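One structure is given here, and the rest of the page talks about it.
Computed from a predicted model, the values in this text were never measured in an experiment. Throughout, numbering of the chain's residues begins at 1 and tracks the sequence.
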Amino acid sequence: MVIRYLSAFILPGLLVLLFTRVTYNRYIGLALTVGLIAASVYKGYTNTFPLIVVDAFSLTVGFWLAVKMKPRVFKKT
């Protein structure tokens, strides 16, 4: 049970950051991560309300970090 809470605390935030870096859009990264969590809730992997709250907290922190990331600046040569 502890592993579920630890992964719920860490993985959604990391997924938001990963999808933000891949898509170059923080809103799309957040939407993709919310979709994955919704699918896991639907399949029954996330089955308690406190686990959903921890997922939401991690999503919020991941989105906040995605906002704080510096955008890449490409220089013309």
Side-chain angles (χ1 to χ4, degrees):
M1 196 66 167
V2 174
I3 292 175
R4 282 189 179 185
Y5 282 99
L6 273 175
S7 62
F9 188 70
I10 295 171
L11 291 178
L14 288 178
L15 282 174
V16 170
L17 292 175
L18 173 75
F19 289 146
T20 299
R21 288 308 257 172
V22 169
T23 62
Y24 297 107
N25 190 337
R26 60 182 167 256
Y27 299 111
I28 292 175
L30 181 67
L32 288 172
T33 308
V34 167
L36 282 175
I37 290 176
S40 75
V41 169
Y42 179 73
K43 291 291 279 185
Y45 298 122
T46 306
N47 52 4
T48 61
F49 185 72
L51 199 57
I52 295 171
V53 170
V54 171
D55 275 337
F57 176 74
S58 181
L59 281 172
T60 305
V61 170
F63 185 74
W64 178 74
L65 288 173
V67 169
K68 291 290 192 179
M69 282 192 314
K70 286 185 177 179
R72 288 187 177 175
V73 177
F74 296 105
K75 294 182 181 179
K76 291 184 180 180
T77 56

How is the hydrophobic cluster of Val2 composed, in terms of its other members, when Ile, Leu, Val, Met, Phe, Trp and Tyr link through side-chain heavy atoms under 4.5 Å apart, directly or indirectly?
Leu6
Give a yes or no on whether Phe63 and Val54 share a hydrophobic cluster (residues Ile, Leu, Val, Met, Phe, Trp, Tyr; joining criterion: side-chain heavy atoms under 4.5 Å apart).
no
Val22: side-chain contact (heavy atoms from CB on, under 4.5 Å) partners, not counting sequence neighbours:
Leu18
On a heavy-atom basis, the closest approach of Arg4 and Tyr45 is NH1-O, 3.8 Å
If you round to the nearest 0.5 Å, how far is CG of Asp55 from OG1 of Thr60?
10.5 Å
Do you know which two heavy atoms are closest between Asn47 and Leu51, and how far apart they sit?
N-CD2, 4.4 Å
Rounded to the nearest 0.5 Å, what's the gap from CG on Leu59 to CD1 on Ile52? Could you check?
11.5 Å
Do you know the tightest heavy-atom contact between Leu17 and Gly62?
CD2-O, 3.7 Å
Phe49 and Val53: side-chain contact (heavy atoms from CB on, under 4.5 Å), yes or no, with the steps?
CA-CA 6 Å; Phe49 185 72; Val53 170; 3.6 Å; yes
Can you name the side chain to side chain donor-acceptor pair (under 3.5 Å) partners of Ser58, sequence neighbours left out?
none
Should Val16 and Val34 be counted in the same cluster of Ile, Leu, Val, Met, Phe, Trp and Tyr side chains packed under 4.5 Å apart?
yes
Would a hydrophobic clustering, with Ile, Leu, Val, Met, Phe, Trp and Tyr connected at side-chain separations under 4.5 Å, put Val41 with Leu11?
no
Tell me, please, which residues at least two apart from Tyr5 pass ring pair (Phe, Tyr, Trp, His ring centres under 6.0 Å).
none
Quick check: closest heavy atoms across Ser40 and Thr46, and the distance to 0.1 Å?
OG-OG1, 3.3 Å
Which residues share a ring pair (Phe, Tyr, Trp, His ring centres under 6.0 Å) with Phe19, sequence neighbours left out:
none
Give the minimum heavy-atom separation between Gly29 and Thr23, together with the two atoms involved.
N-OG1, 4.1 Å
Could you pull out all residues at least two apart from Asn25 that satisfy side chain to side chain donor-acceptor pair (under 3.5 Å)?
none
In terms of the angle between their ring planes, are Phe57 and Phe9 parallel, tilted or perpendicular, with boundaries placed at 30° and 60°?
parallel
Hydrophobic clusters here meaning ILVMFWY residues chained together by side-chain heavy-atom distances under 4.5 Å, can you tell me if Met1 and Ile10 are in one?
yes
